[in-house]
Asks: 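I am attaching a structure below and will ask some questions about it afterwards.
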Amino acid sequence: MLVNVCSIIGFNGQITDAAPLLVDSLKKMEYRGYDSVGIATLNDGKILISKGVGKVAEVDKALELHNLPGHVGIGHTRWATHGGVNDKNAHPHFSCTSEIAVVHNGIIDNYQELKDELSKEGHVFKSQTDSEVISHLLEKYCKKYDFDYIKSLIATCNTLKGSFAFVAIFKNGLICGARFDEPLIIGVAPSAIFLSSDVLGFLKYTDKAIFLDNGDIVTIEDGKYHIFDINNNKVTRVITQVAWELASTEKGKYAHHTIKEIHEQPSILLNSINKNNNFQQFCEYVKNASNVYITGSGTSYHSGLLAKRLLAKYAKIKAEVIMSSEFHYFSDTLESNSVVIAISQSGETADVIHSVKKAKEGGSKILSIINVPTSSLARLSDSFLVLNCGPEIGVAATKSFLAQLMVLYNIVSVMSNSRLDLNIAMQKKLVKDVEKTLELDEYIESLMAKLDNEIKHIYILGRSIHYPIALEGSLKIKELAYIHAEGIAAGELKHGPLALIDNKSVVIVLNPVDETYQDVISSSNEIKSRGAVIIGISNKHHDIYDEYIELPECVDFLYPVIEVIPLQIMSYYLALKMQVDPDYPRNLAKSVTVK
Ligand code: M6R
């Protein structure tokens, strides 16, 4: 399977040097993918390419990417397992004549047959990527259509199968791009035009964006853009003002985005409730549905698992949660008049998008909970709620998880006939509780410092509404610190996992005082007698804990919101202890836009 989650950027600045802007833009988008980087600029009618393996800053330092001359250019950061991480496979990719260079995000499903065909026709490939077929196809069709660029682009897009967005530079200074199931956005600045996979690629220079429709083709020349559909009709798309502030993409006083985003949580917590005014409409869909399904990936899936428990207990609504990568296998069984609630920070996760498309085809209504209101998922939805937590740069989802929980709590609150009441006073108290929990930062850092450096396994136990948080905490530890961690429903211990526990194990128990408390203490006893170290996270101390993280007192149902915070902080400090970069975990990318 190919995996390719990249950032692409094109820039036509007329009088401004392209290279420093491209490098800067790629740094801003690096969270999407980060194993190699490259840029191409046009100088004196010649396309110059510089590319290498590593993060943008490293490659820039070594190759001085920012010094490539020219006012027009394209750039790329790559995240790939296909074709190996090396200079040759880094983008941009030239055509045979070096008169066209291409950067690409997505997968070309039929690249092998195209490569074979093009090779027979005399094209010589220099990389092992699927992406390189695009530059060769453009070259082939430019020749065939006598440099009618739009015709050549259309023919290229019609030949490619898969999901892709690409940006190409031609030796006459033309920049063009195409969007087919991968994001591509035009940034309109006073004296420059950008073409990017993410608004962060140009937000420093302009907040005016055009979110291209699927199937759109764009050309940029002399500081002007033109958009066409696949039938060669000129089309108009609206210019949107992007609400995100650039300040929220900087690290500020923090060493990493991840810890900054963890500490931002009190300030964004209530935005998700107060800045959405369509909760009633959203909930009407849920009320009128014959069946409710929830889908999401990774952290967003964990939010769904908590929502299922809250909906059942407080709103008396049964919902089935299916992780998006598995959804496909159930989609035929969805009843008509079902509602699918899709949860996704990015709104671009391929597994989620495919699930939703399948469900839509079967007649389900699509409701979504997203952070990016202009995302593909938003466009596919009958109604959506926005997280409003600002851009999340750290690859690990932290503040977006809390924001998702707040949206979900509010849905349950609206539907629960006051059984779960998230009134204003409670919301304010919750903000205080989150602030108080964040004050544990230094204490948790010291706890993590005490743990054995050779620590190999961490288990997190919880029951009922705490179980999804156990899963979420273990995901954070795995991805940030590269330590094996497992979230376990505490009652399942004796059905197998207890065999793993010995005097080298570290077990975290999520144990606020509620209906699950006593049973979790019993599980802790079973663990203690096998010699493991127990870290208790609770509002009540117990002698069984070797270490204790004290949570503020709050209403039972809100404990998941505050107990996840110590787990986020632990994961961050474990990453530092393991000397790995918490913002950019190896092998991962922020938006997984391919299956
Ligand atoms: O953008 P999404 O919420 O759809 O992303 C889903 C997952 O890829 C994401 O939550 C991933 O698991 C994070 N790295 C978790 O921290």
Side-chain angles (χ1 to χ4, degrees), residues 3 5 29 31-34 79 182-183 197-198 200 256-259 261-262 265 272 294-307 321-327 340-357 366 368-378 380-381 384-387 389-405 407-408 468-469 471-483 485 487 564-565 567-572 574-575 580-595:
V3 187
V5 184
M29 296 191 287
Y31 73 105
R32 293 170 59 91
Y34 35 81
W79 179 84
E182 293 291 345
S197 43
D198 194 318
L200 295 182
H256 296 98
H257 290 288
T258 305
I259 193 70
E261 286 161 4
I262 291 171
Q265 293 181 118
S272 42
I294 304 178
T295 192
S297 299
T299 292
S300 300
Y301 168 67
H302 297 152
S303 299
L305 290 176
L306 179 63
V321 191
I322 306 174
M323 59 176 71
S324 298
S325 57
E326 290 287 309
F327 195 92
V340 174
I341 303 177
I343 309 174
S344 172
Q345 186 281 129
S346 60
E348 299 293 348
T349 301
D351 288 326
V352 181
I353 300 290
H354 286 157
S355 304
V356 158
K357 282 186 177 164
I366 308 300
S368 60
I369 299 171
I370 45 184
N371 198 28
V372 186
T374 44
S375 59
S376 307
L377 182 54
L380 286 166
S381 303
F384 64 85
L385 296 169
V386 185
L387 301 180
C389 64
E392 189 174 63
I393 308 294
V395 166
T398 54
K399 63 175 180 174
S400 66
F401 180 63
L402 245 72
Q404 287 172 349
L405 296 193
V407 170
L408 292 163
I469 305 302
L471 295 177
E472 173 56 12
S474 69
L475 176 61
K476 290 289 91 91
I477 293 175
K478 276 183 262 202
E479 71 179 323
L480 289 185
Y482 315 160
I483 295 172
V564 74
I565 293 169
L567 299 173
Q568 295 172 338
I569 299 173
M570 277 181 188
S571 312
Y572 173 73
L574 282 173
V580 296
D581 185 343
D583 285 345
Y584 302 108
R586 68 183 175 203
N587 307 336
L588 300 181
K590 183 71 180 164
S591 295
V592 185
T593 59
V594 289
K595 278 217 288 180

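Index from 1, following the sequence. Ligands are counted one by one from 1 in listed order, and the atoms in each one are counted from 1 as well. Keep in mind that what you see is a predicted model, and the values were worked out from it rather than measured.
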Asks: Given T349, which of S344, S376, S300 fulfils the side chain to side chain contact (heavy atoms under 4.5 Å, CB included) condition?
Replies: S344
Asks: Picking from Q345, Q404, K476, what satisfies side-chain hydrogen bond (donor to acceptor under 3.5 Å, both in side chains) with T299?
Replies: K476
Asks: Give the numbers and elements of all ligand 1 atoms closer than 4.0 Å to a heavy atom of V395.
Replies: 13 (C), 14 (N)
Asks: Kindly say whether P391 contributes a backbone atom to a donor-acceptor pair with the side chain of N371 at under 3.5 angstrom?
Replies: no
Asks: Please state which protein non-hydrogen atom is closest to atom 10 (O) of ligand 1 and give its distance, to 0.1 Å?
Replies: T299 N, 3.1 Å
Asks: Counting distance only, does the side-chain N/O of S346 pair as donor-acceptor with the main-chain N or O of E348 below 3.5 Å?
Replies: yes
Asks: May I ask you to decide if V372's main-chain N or O and S375's side chain share a donor-acceptor pair within less than 3.5 Å?
Replies: yes
Asks: Measuring from the heavy atoms of K476, does anything fall under 4.0 Å of ligand 1?
Replies: yes
Asks: Examine the proximity of ligand 1 to E479 and report which part, side chain or backbone, both or neither, has a heavy atom under 4.0 Å away.
Replies: side chain
Asks: Using only heavy-atom distances, determine whether the side chains of S400 and E392 contain a donor-acceptor pair under 3.5 Å.
Replies: yes
Asks: Closer than 4.0 Å to some heavy atom of A397 - which atoms of ligand 1 meet that?
Replies: 15 (C), 16 (O)
Asks: For V564, does its backbone N or O pair with a side-chain atom of E472 as donor and acceptor, under 3.5 Å?
Replies: no
Asks: Is Q345 close to ligand 1, meaning an N/O of one under 3.5 Å from an N/O of the other?
Replies: yes
Asks: What protein heavy atom sits nearest atom 12 (O) of ligand 1, and how far off is it?
Replies: G298 CA, 3.3 Å
Asks: Between T295 and I322 (side chain of the first, backbone of the second, donor and acceptor by atom type, cut-off under 3.5 Å), is there such a pair?
Replies: yes
Asks: Looking at atom 7 (C) of ligand 1, what's its closest protein heavy atom, distance included?
Replies: S297 O, 3.6 Å
Asks: Give me the nearest non-hydrogen protein atom to atom 5 (O) of ligand 1 as residue plus atom name, then the distance to 0.1 Å.
Replies: T349 OG1, 3.5 Å
Asks: Looking only at protein heavy atoms, which one is nearest to atom 8 (O) of ligand 1, and what is the separation?
Replies: V592 CG2, 4.2 Å
Asks: Just jot down the ligand 1 atoms closer than 4.0 angstrom to any heavy atom of S346, in number order.
Replies: 1 (O), 2 (P), 4 (O)
